[in-house]
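In what follows, chains are A, B, ... by sequence order, proteins preceding strands, each numbered from 1.
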Amino acid sequence: MRYWLMKTEPDGFSIDDLKRRKREPWSGVRNYQARNMMRDDMQPGDPVLIYHSSCEIPGVAGIGEVASDPYPDPTQFDRKSDYFDPRSTRETPRWMLVDVAFRRKFREVVSLDRLKEQKALADMVALKRGNRLSITPVTKREFECIANLETKA
DNA sequence: GCCAACGTTGGC
DNA sequence: GCCAACGTTGGC
């Protein structure tokens with residue numbers, strides 16, 4: 001089992017939206033590294049930290065889990081979508097995604113500031129300077145550290 | 001295959 | 001809205 005962090009902008013899709021919908025295709029990822037992780041490395045049941053970015057309090061808002069095998073992102077075929085990709089065909093789709101299911105929402109967001117204070121998270125990929133990847137791997141230790149911070153909120 | 005220009009991300 | 005960091009594009 002592997003652990004992940006997936007970013008989302010809460011103005012567009014938040015932990016509350018995930019809670020309401022229970023499960024959501026993680027569409028719109030247009031970065032090859034992130035795609036490769038969804039396509040090659042994720043397994044149904046893998047825990048996912050849901051991270052809110054580009055918002056008032058950036059940080060981890062809750063926990064979800066990988067809920068499907070990879071499959072083509074349907075938005076790449078949709079001319080009306082912002083994520084339409086004319087280079088993609090049904091036969092050779094360029095972008096793959098997984099569904100993410102809701103597990104729980106933290107009582108309060110574990111803020112980026114708080115994450116940065118943790119020695120145990122010093123090497124966390126998502127916190128590395130300049131990292132813009134919307135999906136990153138997380139170690140078990142890092143995952144548990146963050147879950148613990150929430151219970152101490 | 002190099003690399004400058006350009007676009008995007010995301011914290012501040 | 002600024003800007004650092006980094007990915008992508010396209011001319012050569």
Side-chain angles (χ1 to χ4, degrees), chain A residues 2-21 24-42 46-66 70-100 102-139 141-143 145-150 152-153:
Chain A
R2 299 205 197 179
Y3 298 79
W4 307 96
L5 178 145
M6 298 172 88
K7 294 181 189 173
T8 184
E9 298 189 12
D11 290 348
F13 188 84
S14 70
I15 189 76
D16 290 318
D17 295 316
L18 185 61
K19 182 177 185 179
R20 195 175 315 117
R21 299 171 67 98
E24 185 73 6
W26 212 257
S27 59
V29 173
R30 295 293 180 268
N31 170 283
Y32 291 106
Q33 268 183 274
R35 176 204 67 183
N36 292 348
M37 283 186 269
M38 291 199 282
R39 188 187 63 188
D40 305 332
D41 302 326
M42 286 189 175
D46 283 358
V48 177
L49 297 169
I50 305 296
Y51 182 93
H52 283 177
S53 65
S54 296
C55 58
E56 194 170 353
I57 306 175
V60 178
I63 296 174
E65 70 176 54
V66 176
Y71 63 94
D73 181 341
T75 63
Q76 71 194 304
F77 307 123
D78 178 0
R79 293 188 170 277
K80 289 171 299 188
S81 169
D82 289 343
Y83 302 116
F84 176 68
D85 188 337
R87 301 166 299 184
S88 289
T89 65
R90 301 269 173 189
E91 294 71 33
T92 55
R94 184 170 298 242
W95 305 108
M96 305 291 279
L97 53 66
V98 297
D99 290 350
V100 176
F102 176 78
R103 268 198 196 172
R104 66 192 183 87
K105 178 188 174 180
F106 288 170
R107 282 174 298 176
E108 58 184 66
V109 171
V110 176
S111 69
L112 177 58
D113 286 344
R114 195 118 180 278
L115 297 177
K116 285 177 178 168
E117 291 168 2
Q118 309 303 315
K119 277 198 192 127
L121 303 179
D123 295 325
M124 191 164 139
V125 178
L127 300 184
K128 286 262 158 62
R129 177 184 154 81
N131 192 302
R132 299 179 307 153
L133 260 191
S134 65
I135 300 175
T136 51
V138 176
T139 67
R141 180 168 303 179
E142 289 161 351
F143 186 93
C145 171
I146 292 168
N148 270 331
L149 289 175
E150 191 263 336
K152 288 184 291 192

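The distance from atom CD of A:Glu9 to atom P of B:dG10 is 7 Å, rounded to the nearest whole Å. What separates CG of A:Leu112 from P of B:dG11 is a distance of 6 Å, to the nearest Å. In this structure, A:Asp85 atom CG and C:dT8 atom P are separated by 12 Å, rounded to whole Å. Rounded to an integer number of Å, the gap from A:Arg30 CZ to C:dT9 C1' is 17 Å. Taking atom CG of A:Asn131 as the reference point, atom P of B:dC12 lies 14 Å away to the nearest angstrom. For the pair A:Met6 CE and B:dT9 P, the computed distance is 15 Å after rounding to whole Å. Summarising the geometry, the separation between CZ on A:Arg35 and C1' on C:dT8 is reported as 14 Å, rounded to the nearest angstrom. Atom-to-atom, NZ of A:Lys128 to C1' of C:dC6 comes out at 16 Å; the value is rounded to the nearest Å.
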Just the atom pairs and distances: protein N or O near nucleotides 1-5 of chain B's N or O, under 3.5 Å.
none

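Among the nucleotides B:dG11, B:dG7, C:dT9, the one closest to the side chain of A:Ser53 is B:dG11. Candidate nucleotides C:dT9, B:dG10, C:dG7 were compared by shortest atom distance to the side chain of A:Lys7, and B:dG10 ranks first. Looking at the side chain of A:Pro58, the nearest of the listed nucleotides B:dG11, B:dG10, B:dT8 is B:dG11. Of the candidates C:dG7, B:dG11, C:dT9, C:dG7 carries the atom nearest the A:Asn31 side chain, counting heavy atoms from C-beta on.
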I'd like a table of donor-acceptor pairs (distance under 3.5 Å, sequence neighbours excluded) in which one partner is a side-chain atom from residues 32-39 of chain A, with atom names and distances.
residue: A:Tyr32; atom: OH; partner: A:Arg94; partner atom: NH1; Å: 3.2
residue: A:Arg35; atom: NH1; partner: A:Arg94; partner atom: O; Å: 2.9
residue: A:Asn36; atom: OD1; partner: A:Arg39; partner atom: NH2; Å: 3.3
residue: A:Asn36; atom: ND2; partner: A:Tyr32; partner atom: O; Å: 3.3

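An OP1 or OP2 oxygen of B:dG11 is reached within less than 4.0 angstrom by a side-chain nitrogen or oxygen of A:Tyr51. Residue A:Arg132 has no polar side-chain atom (N or O) positioned under 4.0 Å from OP1 or OP2 of C:dT8. Taking side-chain N and O atoms only, A:Lys116 has a distance below 4.0 Å to OP1 or OP2 of B:dC12.
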**OP:** Please report the C-alpha distance between A:Ser53 and A:Arg132 in whole Å, then the side-chain angles of each, then the deciding distance to 0.1 Å, and finally whether the side-chain hydrogen bond (donor to acceptor under 3.5 Å, both in side chains) criterion is met.
**Re:** CA-CA 11 Å; A:Ser53 65; A:Arg132 299 179 307 153; over 6 Å; no
Original post:
Run the side-chain hydrogen bond (donor to acceptor under 3.5 Å, both in side chains) check on A:Asp113 and A:Ser111 step by step: do they pass?
Top reply: CA-CA 5 Å; A:Asp113 286 344; A:Ser111 69; 5.0 Å; no
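Note: A:Phe13 and A:Trp26 have perpendicular aromatic rings, judged against thresholds of 30 and 60 degrees for the angle between ring planes.
In A:Tyr83, the OH atom is not crowded: 12 or fewer heavy atoms of neighbouring residues, nucleotides or ligands sit closer than 6.0 Å.
Taking the charged nitrogens against the carboxylate oxygens, A:Glu150 and A:Arg104 do have a contact shorter than 4.0 Å, which makes a salt bridge.
The side-chain hydrogen bond (donor to acceptor under 3.5 Å, both in side chains) test applied to A:Asp46 returns A:Trp4, not counting sequence neighbours.
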